[in-house]
Protein chains: 2
Amino acid sequence: MYSDECEPYGYDAFRRTCPSHAVLEMLSSKWVYLTIGALRRGRMRHGELARKMEGITPKMLTQTLRTLERDGLVLREIFPVIPPRVEYELTALGHDLAGLLDQIRSWSEMHVPDIRSARLAAEESGKQAAAG
Amino acid sequence: MYSDECEPYGYDAFRRTCPSHAVLEMLSSKWVYLTIGALRRGRMRHGELARKMEGITPKMLTQTLRTLERDGLVLREIFPVIPPRVEYELTALGHDLAGLLDQIRSWSEMHVPDIRSARLAAEESGKQAAAG
DNA sequence: GATAGGCACTATCTTTTGTATAGTGTAGAT
DNA sequence: ATCTACACTATACAAAAGATAGTGCCTATC
């Protein structure tokens, strides 16, 4: 099955025709990290998510949620009321992924000082190279 | 320390002024995943990396490597010979991250069938909605 | 000896993606 | 009567990614 797209060695994200490459591409967005990270604690509404994720535009949030819904990571439930009420939650697949993504998010938070000092060092040596 | 940028609650990637948000943004690129994934097995040259990562342009590869170098995840060693020889390898920090990133890559490869079927289902219900 | 190719890029142009800003219609609060 | 919240949608603009071609140097081929 699917042998024509990524065989004979199985799925390999390094190959651009392999579907796993597209999956990796879909996941590599900061908004995906944050959306899934936010939903990990329970179902949320569009407005709640927007307030939690500083700087996201409604367009981007909707787009991210639709992609995640399409790919089976998020479930969208619409309540036919006025004003509209829509709730989002992770699917089982989404929860499975959420653990991994949250590790990356934690890593980002934990290693800020390391990266900051590396950047400062790079800046310094850059200046020296420019001056010397 | 750094209290002005992400306090009083510590680093939080959900806040766009928090430096960890920028770190997460830097990491969320498929080329970062693949570059670090490739370097995990040992030092490599630009050309080797380019051949391994199908579809990357030399510009994008150089750019990705420079960013990773600047942020202390990759070490760049230049040999002053002709033709030029440049080798890249992960730093300790890079290796630390590589384990996490590789889990996401594996996840992408493992869950292709799940995502594929979710997409097909979404497509089907989309068609029905358009027709009905 | 002209041609092709590898090396590690750089430069330019085009396309895609993300961001900013404003607007949709309904309903309750002020 | 105006303001806000809800969950978006639409348009215009800026930033990023991708495609294509070129740089100087050397080795190997025809």
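Chain naming here is simple, since letters A, B, ... match the order of the sequence lines and numbering starts at 1 in each. Hydrogens, waters and symmetry mates play no part in the numbers below; they use all other heavy atoms, side chains included.
- Atoms NZ (Lys59(A)) and P (dA20(C)) sit 11 Å apart, rounded to a whole Å.
- When all heavy atoms of Met26(B) and Val32(B) are compared, the pair lying nearest together is O-CG2, 3.7 Å.
- A salt bridge links Glu109(A) to Arg105(A): at least one charged side-chain nitrogen sits closer than 4.0 Å to a carboxylate oxygen.
- Residues Trp107(B) and Leu93(A) are in side-chain contact: their nearest non-hydrogen atoms beyond the backbone lie under 4.5 Å apart.
- Remark on DNA chain D: of its neighbouring residues Ile56(B) and Arg51(A), the 5'-side contact belongs to Arg51(A), judged by nearest-heavy-atom nucleotide.
- Here the closest non-hydrogen pair linking Met44(A) and Ala38(A) is SD-O, 3.6 Å.
- Using a 4.0 Å cut-off between a side-chain N of Lys or Arg and a carboxylate O of Asp or Glu, Asp12(A) and Arg15(A) do not qualify as a salt bridge.
- One finds a salt bridge joining Arg43(A) and Glu77(A) here, because a Lys/Arg side-chain nitrogen approaches an Asp/Glu carboxylate oxygen to under 4.0 Å.
- Atom CE of Met26(A) is separated from atom C1' of dG18(C) by 18 Å (rounded to the nearest Å).
- Within residues 65-89 of chain A, the residues approached by DNA chain C to less than 4.0 Å at the level of any non-hydrogen atom are Ile82(A), in residue-number order.
- In this structure, Trp31(A) reaches the dT19(C) phosphate: one of its side-chain N or O atoms is under 4.0 Å from OP1 or OP2.
- One atom, CG of Leu61(A), and another, C1' of dT17(C), lie 17 Å apart when rounded to the nearest Å.
- Atom OG1 in Thr64(A) sits 12.0 Å away from atom CG in Leu73(A) (nearest 0.5 Å).
- A nucleotide of DNA chain D counts as in contact with chain B when one of its atoms lies under 4.0 Å from a heavy atom; the first and last such, 5' to 3', are dA17(D) to dC26(D).
- Comparing Pro58(B) and Thr57(A) along DNA chain C, the residue whose closest nucleotide (by nearest heavy atom) sits nearer the 5' end is Pro58(B).
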* **Stepwise side-chain contact (heavy atoms from CB on, under 4.5 Å) test for Glu87(A) and Ile78(A)** => CA-CA 7 Å; Glu87(A) 291 184 356; Ile78(A) 311 158; over 6 Å; no
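- Note: CE (Met60(B)) to C1' (dT10(C)) measures 15 Å, nearest angstrom.
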